[in-house]
Peer 1: 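My structure is below; once you've seen it, I'll send some questions.
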Amino acid sequence: GWLALFAIAYADGWDKHFARFDKAVKLRILKKLEQLKRKDDSRHLSHGLHYFVEEVGGYRLVFKPDAKARVNIVCFIGDHKQYRAWYLSA
């Protein structure tokens, strides 16, 4: 079936950890970001929270979908330990 594309937007601070990753990791994450443009079946971060999480190897990519505007807003990208700290502060 045909899927409408989602735009990708970025929340302030999304690249706090991403900026320090090596090139190979950044490329894998960028590939996953491209896939988010066509994705509408990600898993919820937690029930009651409007965030979704994708795994990229040992890294987590957290985004907030806006179905009306057809935008996935990237809020966080980091490794598991960084993700845990972000999650506990969200």
Side-chain angles (χ1 to χ4, degrees):
W2 181 82
L3 281 178
L5 291 179
F6 278 74
I8 302 294
Y10 299 89
D12 290 343
W14 75 273
D15 60 348
K16 176 181 173 184
H17 304 295
F18 180 81
R20 290 180 276 203
F21 297 158
D22 66 43
K23 188 177 178 181
V25 171
K26 285 182 179 179
L27 289 173
R28 286 176 58 201
I29 291 169
L30 290 172
K31 189 174 176 182
K32 180 62 83 173
L33 286 171
E34 273 301 307
Q35 292 173 0
L36 279 186
K37 291 179 180 180
R38 297 178 300 281
K39 195 162 184 69
D40 58 5
D41 64 345
S42 297
R43 80 177 161 92
H44 256 101
L45 178 66
S46 179
H47 291 289
L49 291 178
H50 297 291
Y51 293 100
F52 289 79
V53 64
E54 287 286 327
E55 296 181 10
V56 185
Y59 298 88
R60 303 294 181 272
L61 187 161
V62 179
F63 67 98
K64 187 185 253 185
D66 181 338
K68 241 183 207 174
R70 309 242 11 116
V71 174
N72 283 327
I73 304 162
V74 176
C75 301
F76 171 85
I77 298 175
D79 66 23
H80 188 70
K81 189 176 178 183
Q82 295 159 341
Y83 166 74
R84 181 168 163 68
W86 180 88
Y87 173 82
L88 292 173
S89 71

Peer 1: On the 0 to 90° scale, with breaks at 30° and 60°, tag the Y51-W86 ring pair as parallel, tilted or perpendicular.
Peer 2: perpendicular
Peer 1: Could you check whether K37 makes a cation-pi contact with F6, meaning its NZ or CZ is under 6.0 Å from the centre of the six-membered ring and within 45° of the ring axis?
Peer 2: no
Peer 1: Is there a side-chain contact between Y83 and V53 (heavy atoms, below 4.5 Å)?
Peer 2: yes
Peer 1: Is E54 close to R60 at the side-chain level, that is, under 4.5 Å between some pair of heavy atoms?
Peer 2: no
Peer 1: Looking at A11 and C75, what are the two nearest heavy atoms and their distance?
Peer 2: CB-CA, 4.1 Å
Peer 1: So do R84 and K81 actually touch side chain to side chain, heavy atoms under 4.5 Å?
Peer 2: no
Peer 1: With side chain to side chain contact (heavy atoms under 4.5 Å, CB included) as the test, pick out the partner of F63 among L36, I73, I77.
Peer 2: L36
Peer 1: Going through the checks in order, is the side chain to side chain contact (heavy atoms under 4.5 Å, CB included) test met by R38 and L5?
Peer 2: CA-CA 5 Å; R38 297 178 300 281; L5 291 179; 3.3 Å; yes
Peer 1: Kindly work out whether a path of hydrophobic side-chain contacts (I/L/V/M/F/W/Y, heavy atoms less than 4.5 Å apart) joins F52 to V71.
Peer 2: no
Peer 1: Under the side chain to side chain contact (heavy atoms under 4.5 Å, CB included) rule, what do Y10 and D15 come out as? Steps first, then yes or no, please.
Peer 2: CA-CA 9 Å; Y10 299 89; D15 60 348; over 6 Å; no
Peer 1: Could you tell me which non-hydrogen atom of P65 sits nearest to which non-hydrogen atom of H50, and how far apart they are?
Peer 2: CD-O, 3.7 Å
Peer 1: Among all residues two or more places apart in sequence or in another chain, which pass the side-chain contact (heavy atoms from CB on, under 4.5 Å) test with D12?
Peer 2: none
Peer 1: Using residues 20-31 as the side-chain source, report each donor-acceptor pair under 3.5 Å to any protein atom, sequence neighbours left out, with the distance given to one decimal.
Peer 2:
unit_1 : atom_1 : unit_2 : atom_2 : d
R20    : NH2    : K16    : O      : 3.2
D22    : OD1    : A24    : N      : 3.2
D22    : OD1    : V25    : N      : 3.0
K26    : NZ     : A19    : O      : 3.3

Peer 1: Once rounded to the nearest 0.5 Å, what's the spacing between atom CZ of F18 and atom OH of Y59?
Peer 2: 11.0 Å
